[in-house]
Peer 1: 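I have a structure I would like to understand better, so I am pasting it below and will then ask my questions one at a time.
Please read these numbers as outputs of a predicted model, since none were measured by experiment. Order of the sequence lines fixes the chain letters, A, B, ..., with proteins taken first and strands second; residue numbering starts at 1 for each chain.
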Protein chains: 2
Amino acid sequence: MASKSGKTSVLIVGGGALGSVFGWRLQLGGCLVSVVCRSNYEIVKNNGFQIESGKFGNGVFSPDHVFSSFNAAIAESNFYYDYIMVCTKTLPNISNPANVLMGSPINENSAIVLIQNGIDIEQYFHEAFPTNILISAIAYIDTKQTESGVIVHGEAISLQYGVFIPDQTETRHSTSSVPTNNSILETLEKHLIAGNSGCKILDNVSRDRWLKLVWNSSLNPIAVLSGGSNTKEMLDNPVICNLIVSTMMETISIGEAVCKMPLSPTIASSNIPETLLDSVRKRVKPVYPSMLQDYLNKRPMEHEVILHNAIKRADCVGVNAPILKTLYALIIGAEKKYLN
Amino acid sequence: MASKSGKTSVLIVGGGALGSVFGWRLQLGGCLVSVVCRSNYEIVKNNGFQIESGKFGNGVFSPDHVFSSFNAAIAESNFYYDYIMVCTKTLPNISNPANVLMGSPINENSAIVLIQNGIDIEQYFHEAFPTNILISAIAYIDTKQTESGVIVHGEAISLQYGVFIPDQTETRHSTSSVPTNNSILETLEKHLIAGNSGCKILDNVSRDRWLKLVWNSSLNPIAVLSGGSNTKEMLDNPVICNLIVSTMMETISIGEAVCKMPLSPTIASSNIPETLLDSVRKRVKPVYPSMLQDYLNKRPMEHEVILHNAIKRADCVGVNAPILKTLYALIIGAEKKYLN
């Protein structure tokens, strides 16, 4: 079994708001794109994804192949996937996140690309697939599935990624001992750019994950716990605004102790919260953070990788995390109430 | 105008779950009891309060007089009240709590008894009525109004109180310079005991307020913010249980810095949380803390006196309060959502 000659093959696992838009851009960027869909399988198989994009205009993304399961994606394909992109939610409290790739063998040449929120999300996949190249990726994109197979995308789209190096909190890009990694990262970059997506190869993806967590660990749980408030409702309230800033500063302290360096190469740590909040204030429409969307739809929330894994790291490096611990406990309680 | 000869006269302002039960016991204990009712005025005027009490059995409390306003209670009475007991919620963010006694002159001989939750609740009344004796009281009672004029009371009933001394965080009972205070405190004690209520005169009511706040500042907001959980649901969850203990310890730290002494004369500070939680676990029925009841009924919550005043004190004495600050901001946000 070999990769299909002439085209880079991509399998998107999780054909939701995130996976569909990146799949669309990669197909337009020259890739052969297959998608594993769950609830929207029939609709996408028959009609593709209907995408309304502020940046790209309206379009239809018809994947080269649509599968109803990962097993089918492996069994029914006569070539291997250069990139297996995992775009599912990370819910280790419910099941091992790596289970989405279980049940069928993965080719040793397939790079696994994790496009997921949170901290220390790579551990689950590294344990399950220790010999595959693991790429840790951060998506900067505003997109949601408004009904089955219908995706609304805004203006932003960028994928930032690097190779995950186990047993370190760092990742690397250019290392002489693994020359093969560069071409894997750069081939993906080439297709993303060809598909008009933003793209950045990171030397230290862990550091950038922590920087993104500064947003996620604060706005997400506070949106839920303040009665289900969007960003406009939160930022209009100075008491909640202060709490967001304090939560961001606590997350920055933990991340800097873990990464042993400032989280941003350009922004002073104490200015990160206001810089992030300014970017939120500039948006025309209020943002509904992912946890808030899950809360409003009574779905499980990603509190383990967005809060709990950060708290565990804080305990390891000896940094106090009273706010994150408070938010985590309350989120656990609130989720239990509505999932019951 | 003089107090009615032969009987101690009491005016209960706030004829709800709390005021009705204490009014009932004081009437049985020999007092002439008048009550100011709002929403339940017509029902109470016609039928009295129907009280189902675990401790006392079922009974009807027909106040000697029922008024629809404080002004009516002053204007329509030909005697002054020895005790004006304020049993309303304390919501300084909505209006001055002392407004419940505004609009008609209060006799200089009337003692104002505040039976209210929270910290620094006395300031509002001391400013408005600087020359009246102010008694700060803490109620240990489980009672609720299940429908208009119908009260369900459990087993517990005790009123603990002392004279509020302005510009100090202390109160006093026995002080030679104010011999008159003792008789005011002891007359009330006599009637409470005659009415079969528990009763304790406190030398330092501020300290006891802080001790009660340890319960209120933790269980109240956490019950609301964990999706509306009662005590059983909270204590069944070890993550939430830990948060409750941490919140209690934070409150104890603030209270001890303010009072300049341990909050309990008998329990080591570090054992207070488990002692309180044990008392909750022993209850047959789960407890719905007052803020949770307000939240479930979409009424304003007492976050200012239960959380904000404690936070202000923490800032004054230089004690960190990250958990209380987090809970307060979230409660503010959640309340705003449902009051809108």
Peer 1: What part of B:Glu233 is in contact with chain A, defined as an atom under 4.5 angstrom from a non-hydrogen atom: side chain, backbone, both or neither?
Peer 2: side chain
Peer 1: For chain B, which residues from residues 223-231 of chain A have at least one heavy atom closer than 4.5 Å to it?
Peer 2: A:Leu225, A:Ser226, A:Gly227, A:Gly228, A:Ser229
Peer 1: With sequence neighbours left out, write down each residue that passes side-chain contact (heavy atoms from CB on, under 4.5 Å) with A:Asp278, or none if nothing qualifies.
Peer 2: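 Only A:Glu274, A:Arg281 meet the side-chain contact (heavy atoms from CB on, under 4.5 Å) criterion with A:Asp278.
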Peer 1: Heavy-atom count check: over 12 atoms from other residues, nucleotides or ligands less than 6.0 Å from B:Lys232 NZ?
Peer 2: no
Peer 1: Among residues 240-253 of chain A, which ones touch chain B with a heavy-atom distance under 4.5 Å?
Peer 2: A:Ile240, A:Leu243
Peer 1: Just jot down the side-chain contact (heavy atoms from CB on, under 4.5 Å) partners of B:Thr275, sequence neighbours excluded, or say none.
Peer 2: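 Testing B:Thr275 for side-chain contact (heavy atoms from CB on, under 4.5 Å), a comparison that skips the adjacent residues, returns B:Ile267, B:Asn271.
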Peer 1: Any side-chain heavy atom of A:Leu330 within less than 4.5 Å of one from B:Thr326?
Peer 2: no
